[in-house]
Chemist: 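Have a look at the structure that comes next, please.
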Amino acid sequence: MEGQTVANVIVRERRLRWPVPTEIDQLLPGQKINSLSRRAKYLLFETDAGTAMLHLGMSGSVRIIDVDEPAAKHDHVDVQLESGKALRFRDPRRFGSLLWAPDPLEHELLRNLGPEPLSKQFDGDYLWQKSRGRRVSIKQFIMNASVVVGVGNIYASEVLFLAGIHPKRQAGRIAADRMTLLAATIKSVLERAIAAGGTTLKDFYGGDGEPGYFQQQLEVYGRDEESCNRCKSEISLIVLGQRSTFYCKYCQR
DNA sequence: CGCTGACCCTGACGGC
DNA sequence: TGCCGTCAGGGTCAGC
């Protein structure tokens with residue numbers, strides 16, 4: 001889409017996580033997409049008039065189609081291009097969002113986000129400093145986007161297993177050297193997952209239309225009652241902050 | 001300010 | 001076959 005011009009925007013359903021603002025259909029048509037980028041899990045489509053911010057939520061997806069392809073159920077938005085192709089956004093659960101901002105990094109939802117996990121500024125020292133005095137569990141801590149972005153529920157469990165840290169351990173009670181290991185493990189898990197094309201549990205497909213393969217490398221996620229690859233004991237399942245959490249009670253302290 | 005739990009919504013699946 | 005309860009990979013927000 002980069003460098004292409006928007007011909008028209010069709011909004012069939014405005015009721016997403018937040019209502020789709022009229023700027024999307026009023027201002028986007030006629031604009032050239034200067035660049036595509038990303039901050040946290042928001043996809044950013046930058047134009048001279050402003051930036052469209054797209055979040056896929058839990059069940060959202062986008063794909064490139066011919067403009068005349070009939071819309072199916074849950075196909076909420078089409079961004080039609082002058083080329084005759086369109087970006088089609090589908091989201092059955094409507095937890096996703098499509099917003100508009102003159103300056104996205106100053107948008108209320110982006111301005112207080114923590115660092116990107118693969119950036120240089122995200123390291124053990126940062127995690128250690130940020131966590132002092134915090135009593136919340138380390139798993140909820142690393143899933144908190146104001147601490148660090150990009151660590152979702154699958155990777156949080158995986159990271160903590162590989163770092164040998166119990167998911168319920170209070171964030172503020174983890175020593176600096178373990179935080180260094182934790183930050184490095186977050187980076188390596190995300191890098192490996194990206195290299196594998198992501199994790200396809202049931203219906204995730206990457207931008208290339210291919211499923212991911214990282215699920216074949218999962219150590220604990222979804223493996224409750226199966227045996228730990230390291231010590232052979234049974235993987236445990238608990239709920240932390242309403243999210244399923246998998247871990248080995250012998251390998252993680 | 002930090003933390004917890006409720007909530008947003010649809011579809012898939014298992015048990016009966 | 002159908003109904004009901006449960007669960008799902010994300011994230012925000014009110015209220016304490």
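In what follows, every chain begins at residue 1, and chains take the letters A, B, ... in the order their sequences are listed.
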Chemist: Between N or O atoms, less than 3.5 Å apart, protein on one side and nucleotides 13-16 of chain C on the other: list the pairs.
Modeler:
none

Chemist: When clusters are formed from ILVMFWY side-chain contacts under 4.5 Å, directly or step by step, what else is grouped with A/Phe204?
Modeler: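 ILVMFWY cluster around A/Phe204 holds nothing else.
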Chemist: Between C/dT6 and B/dA6, how many Å separate the two P atoms, rounded to a whole number?
Modeler: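 About 14 Å, rounded to a whole number of Å.
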Chemist: Quick check on contacts: within residues 145-160 of chain A, what sits under 4.0 Å from DNA chain C by heavy-atom distance?
Modeler: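 By residue number: A/Gly152, A/Asn153, A/Ile154.
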Chemist: Check each residue of residues 193-217 of chain A for a non-hydrogen atom within less than 4.0 Å of any atom in DNA chain B, then write out the ones that pass by number, or none.
Modeler: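 Of all residues in residues 193-217 of chain A, the ones placing a heavy atom under 4.0 Å from DNA chain B are A/Lys202.
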Chemist: Can you tell me how far P of B/dT4 sits from CZ of A/Arg243, to the nearest Å?
Modeler: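 Whole-Å distance recorded here is 15 Å.
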Chemist: Taking only N and O in the side chain of A/His74, is any of them less than 4.0 Å away from OP1 or OP2 of B/dG11?
Modeler: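 Answer yes for this pair, as a side-chain N or O of A/His74 is under 4.0 Å from OP1 or OP2.
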Chemist: Using only side-chain N and O atoms of A/Ser244, determine if any of them is under 4.0 Å from OP1 or OP2 of C/dA8.
Modeler: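 For A/Ser244, the contact criterion (side-chain N or O under 4.0 Å from OP1 or OP2 of C/dA8) is met.
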Chemist: To the nearest Å, give me how far apart CG (A/Leu237) and C1' (C/dC7) are.
Modeler: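 Computing the A/Leu237:CG to C/dC7:C1' distance gives 11 Å.
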Chemist: Check the distance between B/dT10's P and A/Asp75's CG and give it to me in whole angstrom.
Modeler: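 My rounded result for the distance is 15 Å.
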Chemist: Could you write out DNA chain C as dot-bracket? Rules: Watson-Crick or G-U wobble, both distances under 3.5 Å, brackets [ ] for crossings, | for pairs with another strand, dot for unpaired.
Modeler: .|||||||.|||||||
Chemist: Looking only at side-chain N and O atoms, does A/His55 come under 4.0 Å of OP1 or OP2 in C/dG11?
Modeler: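 Looking at the OP1 and OP2 atoms of C/dG11, one of them is under 4.0 Å from a side-chain N or O of A/His55.
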Chemist: Between A/Asp78 and A/Arg12, does any side-chain N to carboxylate O distance fall below 4.0 Å?
Modeler: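 Result for this pair is yes, salt bridge flagged.
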Chemist: Here's a test of your reading of the structure: between A/Gln242 and A/Arg135, which maps to the more 5' nucleotide of DNA chain B?
Modeler: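 By nearest-heavy-atom nucleotide position, the 5'-most residue is A/Arg135.
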Chemist: Applying a 4.0 Å non-hydrogen cut-off, can you work out what A/Arg134 is touching in the nucleic acid: base, sugar-phosphate, or nothing?
Modeler: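 Sugar-phosphate, backbone atoms only, no base.
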Chemist: Please list residues of residues 90-98 of chain A whose heavy atoms come under 4.0 Å from any atom in DNA chain C, ordered by number; otherwise none.
Modeler: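 Residues of residues 90-98 of chain A that come under 4.0 Å of DNA chain C are, in numerical order, A/Arg93, A/Phe95.
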Chemist: Tell me the interatomic distance from A/Asn112, atom CG, to C/dT12, atom C1', rounded to whole angstroms.
Modeler: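 Nearest whole value for this atom pair: 13 Å.
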Chemist: In whole angstrom, give the distance that lies between atom NZ of A/Lys139 and atom P of B/dC3.
Modeler: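 About 16 Å, once rounded to whole Å.
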Chemist: Take atom CD of A/Gln140 and atom C1' of C/dG11, then tell me their distance rounded to the nearest Å.
Modeler: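 To the nearest whole Å, that distance equals 14 Å.
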Chemist: Answer yes when A/Arg230 and A/Glu219 have at least one side-chain N-carboxylate O distance shorter than 4.0 Å, and no when they do not.
Modeler: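 A salt bridge is absent here (no side-chain N lies under 4.0 Å from a carboxylate O).
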